[in-house]
Amino acid sequence: MKKTHLFAPGPTPIPPEALLTMAHPILHHRTPEYEALLAEVREGLKVLFQTTEEVLLFAASGTGGMEAAVVNTLSPGEKALVIRGGKFGERWGEICQAYGVNFTPIDVPYGKAVDPGLVAAALAKDPQIAVVLSTYSETSTGVLHDIKAIAEAVRKTPTLLVVDAITSLGVMDVPMDDWGLDVVVAGSQKALMLPPGLAMVGVSRKAWTAVERSRLPKYYFDFAAEQKHLLKNQSRFTPAISLVVGLRETLRMIRSEGLPNIFRRHERLAAAMRAGITALGLELFAERPSPAVTAVLVPRGLDGGTIVKTLRTRHRVIIAGGQGSLKGKIFRLATMGYADSTDVVVALSALELTLAEVGYPVKLGDGIRAAQEVLQKQ
Ligand SMILES: *Cc1c(COP(=O)(O)O)cnc(C)c1O
């Protein structure tokens, strides 16, 4: 018997309710049944994004939603400000480059969060910047940027704020309308508890003005064309039907738990995970840690790849290593989406055994106890 436990920052575990509903025979999308389904999903997405605007759906991984945000808000010759400091922040720059968009980067050292003052200063220095592109939860380093403070700086200006909220929506508060976030991107395989393949993009009133003017090339990812169909509970092309069926189910689960409870649960799980990690004598990598994923520094003398591999092969526990220059130097454990307190204990238990197996001195149970103490209190 082989039982696998998934603690990767995407894809994440899928609740049985969603798996079962997606196993039904396929619906046809040009039918009243699909239109009723999409009508419910549209409402559920507005609750999740905390917006009165429509949330557009595209059959794509999260990166497709990011690319869509760039091509729909910018025109040739316009400038962007890109907050880097991790693989996903860097991806914004790569997309700009692919479309010939000039951008100024703010390079944040890996493991650190951006100083929102730097964003305000960059906008004051160069009012020509049309769009700020940022990550909220930088999954590659486990850092949470202060998007609320960044939004306060941006919303006073004509510049738009585009946020990669792919590991934030459904994890922590992302009040799109309240904070004045202009484009918010989500993906199905993170806290939305679904398989990969669906990108969701919320677009503010302010952003729609730019969308109407934007002249970067686009065909599939055309916000204005897609919105026209969405308002009739339809999609321009064949939608990811089964994923939309699953999304109705996970959005129902999200509504019934309630956003504040969901945010508290993620805070609590991440706090327990961090307590367990530090009790084992390990160091956290992120200075301002995201509640979606806990990044851990690999102790000196050990290889992160071996830890990840041992967890997978001996314990069938899937976590993520470091990416790019962080390869081998950190490992990452997600507690995102369909995750509860017992999951933290399972992950720490397997990690303790693994550390002992690779020759790191641990006292079995130390991490688990520290996590349980947090769980008992909170
Ligand atoms: C997972 C993720 C993405 C999207 O990656 P895809 O593989 O395209 O789904 C983008 N940004 C962040 C912060 C992520 O965690």
Side-chain angles (χ1 to χ4, degrees), residues 6-14 49 56-71 80 82-96 98 106 108 110-114 132-147 150 161-174 176 181 183-202 220-221 240 243 246-247 250 266 270 285-286 288-295 318-324 326 330-339:
L6 193 52
F7 295 99
T12 64
I14 303 168
F49 281 63
L56 302 169
L57 293 165
F58 294 98
S61 81
T63 307
M66 295 169 71
E67 180 160 340
V70 170
V71 299
V82 175
I83 296 166
R84 300 200 286 201
K87 191 174 159 67
F88 295 106
E90 286 159 13
R91 189 167 295 176
W92 281 126
E94 289 160 12
I95 297 170
C96 285
I106 296 184
V108 187
Y110 285 6
K112 303 273 189 276
V114 68
V132 176
L133 300 162
S134 183
T135 320
Y136 189 175
S137 163
E138 174 52 73
T139 318
S140 67
T141 60
V143 164
L144 190 67
H145 290 302
D146 189 351
I147 283 295
I150 294 170
L161 177 57
V162 173
V163 180
D164 168 354
I166 295 175
T167 52
S168 325
L169 267 170
V171 173
M172 64 202 83
D173 205 13
V174 190
M176 179 175 153
L181 312 178
V183 180
V184 175
V185 182
S188 50
Q189 82 275 28
K190 309 286 171 99
L192 295 187
M193 307 177 279
L194 292 169
L198 200 56
M200 288 142 277
V201 189
Y220 178 75
F221 292 118
L243 295 176
L247 181 58
T250 56
H266 283 91
F285 182 64
R288 196 171 184 276
S290 164
V293 58
T294 300
I318 313 287
I319 68 161
Q323 298 161 285
L326 293 175
I330 63 167
F331 58 85
R332 296 169 297 143
L333 294 142
T335 40
M336 172 169 37
Y338 190 53

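Residue indices begin at 1 and follow the sequence shown. For ligands, and for the atoms within them, numbers begin at 1 and follow the listed sequence.
- Distance from atom 11 (N) of ligand 1 to its nearest protein heavy atom, with residue and atom name: Asp164 OD2, 2.5 Å.
- Of the protein's non-hydrogen atoms, the one nearest atom 9 (O) of ligand 1 is Gln189 NE2, 2.7 Å.
- Side-chain atoms of Ser290 do not come within 3.5 Å of backbone N or O of Gly142 as any donor-acceptor pair.
- With a 6.0 Å cutoff to the six-membered ring centre and a 45° limit on the axis angle, Lys190 does not count as a cation-pi contact of Tyr136.
- Side chains of Cys96 and Leu133 form a contact here, defined as non-hydrogen atoms less than 4.5 Å apart.
- Residue contacts with ligand 1 for Ser137 involve N, CA, C or O but no side-chain atom from C-beta outward (heavy atoms, distance under 4.0 Å).
- With respect to atom 13 (C) of ligand 1, the closest heavy atom belonging to the protein is Thr139 OG1, 3.1 Å.
- No donor-acceptor pair closer than 3.5 Å links the side chain of Ser140 to the backbone N or O of Gly86.
- With rounding to the nearest 0.5 Å, the separation of CZ in Phe88 from CD in Gln323 is 5.0 Å.
- Distances below 4.0 Å separate heavy atoms of Thr63 from the following atoms of ligand 1: 4 (C), 5 (O), 6 (P), 8 (O).
- The N/O atoms of Gly62, backbone and side chain alike, include one that comes under 3.5 Å of an N/O atom in ligand 1.
- A side chain to side chain contact (heavy atoms under 4.5 Å, CB included) with Met176 is found for one member of Leu169, Val163, Leu181 and no other, namely Leu181.
- Given atom 3 (C) of ligand 1, the protein heavy atom at minimum distance is Phe88 CE2, 3.5 Å.
- Closest heavy-atom approach to atom 2 (C) of ligand 1 among the candidates Glu138, Arg91, Lys190, Met66: Lys190.
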